[in-house]
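In what follows, every chain begins at residue 1, and chains take the letters A, B, ... in the order their sequences are listed. Being a predicted model, the structure only gives us computed values, none of them experimental.
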There are 2 protein chains.
Amino acid sequence: MLWEVCVTLRSQSNKGMPTLKQISKDLNVSISIVSRILNGKAKEFRISNATVEIVLKHAKEIGYAPNLIAKGLQASQTFTIGLMVPNIANPFFAIMAKNIEKRAFKSKYSIILVDSNENIEIEKQQLNNLLGRKVDGLIVAPVGGNCQHFIKIVKQKIPLIFVDRYFTESTIPYITSNNYQGCYDATKHLIEMGHSHIGLICGNNANELVQERTRGYHEAHQDNALPISPNLTIGNTFSTENGFDSTQKLLQLDTPPTAILAMNNLIGFGVLQAINEHNLVIPSQLSLVIFDDHPYLSLLSPSITAIKQNSEKIGEMAVKAILKEINNECDIQSKQIPTTLILRDSVFNLKA
Amino acid sequence: MLWEVCVTLRSQSNKGMPTLKQISKDLNVSISIVSRILNGKAKEFRISNATVEIVLKHAKEIGYAPNLIAKGLQASQTFTIGLMVPNIANPFFAIMAKNIEKRAFKSKYSIILVDSNENIEIEKQQLNNLLGRKVDGLIVAPVGGNCQHFIKIVKQKIPLIFVDRYFTESTIPYITSNNYQGCYDATKHLIEMGHSHIGLICGNNANELVQERTRGYHEAHQDNALPISPNLTIGNTFSTENGFDSTQKLLQLDTPPTAILAMNNLIGFGVLQAINEHNLVIPSQLSLVIFDDHPYLSLLSPSITAIKQNSEKIGEMAVKAILKEINNECDIQSKQIPTTLILRDSVFNLKA
DNA sequence: ATATATTGCACAAACGTTTGTGCAATATAA
DNA sequence: TTATATTGCACAAACGTTTGTGCAATATAT
């Protein structure tokens, strides 16, 4: 069929998708006229109603859709946001990503998702990748440890905001939970329930976030005039393995803790595994609080007390902020989102 | 400083990023020479070593990085894959996405992630969005019910592959679990344990996948000469609510099932919630098998028997297939990935 | 009638690449 | 010495947009 030949010919470079040029040829009008009409600038450029109509009609008929790549090149704006997370399989980041994508799409933005896999080398590579793709802005949950590669970005005036994790050594803004408060509340709760030996299993200490959570743990002790045993603070990665191993080490101490505070959901899962393996009974033999809630925590027996982060809100606020920055509406302010301590049945009352 | 002025001037359109043009000006050579050198085509185009060296040196100094948007426009290839899932917060899709991104990045591809939120209208909008962004290929877990919008895509010769869910009414290839086998195995196991009243809580029946899983359930009955009560098959969405509600309905039947087979992880969670709420004891009062494994299932008491899908492999294979299709190496073959029945403690042995 | 405004459009440059072609200058051959 | 190869590069078109400018043709004013 003739039509197929036509499609085949055009398809060599553009898969047969209609372009402004195509419409302009078909209708014998200039490309600029077509562009202006399809961008709703007909009035502004005094284009006759007759022309407007035939162009709109034809564009609809052949199913014209703008080439966002070409638009991006010409405008130096791609309507694209780079989202980098250390592990998209972690529900915390998955939920955040969902809300980021949803909010971004409302504003015609799309998300390029990259996963650094908690590896700073990949993080650097992916950062360059995203820059090459000319994203209009970046939302990043960094691996931590070094932020020089991010400082380069802001020097190039590319909008960047951190989520969850951040660096206070730079002025790069961030949206995160109130990590201090979260751990303070949880620790205070444990102390109020009579615990004085509380194990704290940490993530990568190169993160401010970890230091803040640790500070909450410390200050809750101080405010209650409780000494801190340094050997109860342990662990250095956000992983199930760390949760598992650190729990075993804590249990082997001369005076093992009566409670454990796990610094994120992966660590918490590792703790649960270890407890399971050693056939310990929660909470009578060991109490547990996990930083990060998870649907299944309420179904475990006993159910597990958790510090719930509002990852939906963190994601949404990050998008709003980055969009404002992109549009030069205002500079981004760092924000701390409150956490909620969800009391369940994993903390034993030693005072009762 | 002079340098800053320079950056500011250039930054108006390109945030101060160096371009081929910039290098060409700085070094008084033509743009084409620079392009060819930086693409490793110096030999091929007989460019003198002297020129090659100064260009490479200067490019490194000013930190040249190619503009992938411009490259994409010129080559009609964006090194971008559109990934559409119905819910990135579902661990099944999150894990799949992680593996897709990882594998794609190896081949210099990046992922544009969109979430249809199980909504076919959003699915259609996002599909157009991805087309406008000129993705080189699409990996989609469709909402289901209608695939006309996808058929349009393949007519435009844009590589497309379904994952998890699919349509047999079209010839669009897919990578999915062996859904029939998964449910057959689980049902057979339940029957072998003496269950003859097995509730099946389904997801959206507009999906072939649901029909296949249902078929596995049916044929296992037939092969064991067991009759099927139609009122034991219930539910129509992949959601926790469906799992919760359907469980309650099943329990209110005159002859309630002695076991439930939940068709995905969200439904399974809803079943667990309902069981929890009604203080039922698994497995003595009700047995349970969930299609989809989850780390927490092994920590519940009792632990829950599950049909494990290999979402990592599904993701990886989908990328490999779509890349082959993009490079015209070969047409994509639909594949079914085996599932694994993980026996735990949630199935009561009525024969013991 | 001539001078000025308005209407409706076409043309061309630019965004940053890649790639086909042409053309000097030098080197080799006859 | 003249004809032919080879070397090394520049030029220009194209990808699909947007946007500033120019220029006819018509309409209005004097």
Distance criterion of 3.5 Å, no angle test: do you see the side chain of A:R133 paired donor-to-acceptor with the base of C:dG16?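 Counting by modelled atom types and ignoring angles, no donor-acceptor contact under 3.5 Å is found here.
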Identified pairing partner of D:dT17, criterion: Watson-Crick or G-U wobble below 3.5 Å: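 Paired with D:dT17, as far as the under-3.5 Å criterion goes, is C:dA14.
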Partner of C:dG22 by Watson-Crick or G-U wobble geometry, both contacts under 3.5 Å, or none?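 By the stated definition (distances under 3.5 Å), D:dC9 pairs with C:dG22.
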Rounded to the nearest Å, what distance is computed from the CG atom of residue B:L20 to the C1' atom of nucleotide C:dG16?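 So the CG-C1' distance, B:L20 to C:dG16, works out to 7 Å.
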In whole angstroms, how far is the P atom of D:dG8 from the NZ atom of B:K41?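 Checked: the NZ to P distance equals 19 Å.
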So which one's nearest nucleotide on DNA chain D is more toward 5', B:A70 or B:F45?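 By nearest-heavy-atom nucleotide position, the 5'-most residue is B:F45.
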So which one's nearest nucleotide on DNA chain D is more toward 5', B:N28 or A:S32?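 It is B:N28, whose closest nucleotide lies nearer the 5' terminus.
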Using a cut-off of 4.0 Å on non-hydrogen atoms, how would the nucleic acid contact of [X] be classed: base, sugar-phosphate, or nothing?
X	result
B:I69	nothing
B:S48	sugar-phosphate
B:N49	nothing
A:L73	base

Of all heavy-atom pairs between B:K108 and B:F79, which one has the smallest distance, and what is that distance?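 Heavy-atom minimum between the residues: O-CB, 3.6 Å.
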Does A:E118 come within less than 4.0 Å of A:R165, counting only side-chain N to carboxylate O?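 Counted as a salt bridge, because a side-chain N and a carboxylate O are separated by less than 4.0 Å.
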May I ask you to decide whether B:E61 forms a salt bridge with B:K57, counting only side-chain N to carboxylate O separations under 4.0 Å?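 Yes, B:E61 and B:K57 are salt-bridged.
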Parallel, tilted or perpendicular, judged at 30° and 60°: which one describes the rings of A:F167 and A:F150?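 A:F167 vs A:F150 ring planes: tilted.
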Using only side-chain N and O atoms of [X], determine if any of them is under 4.0 Å from OP1 or OP2 of [N].
X	N	result
A:S30	C:dA10	yes
B:N67	C:dC15	no
A:S35	D:dT18	yes

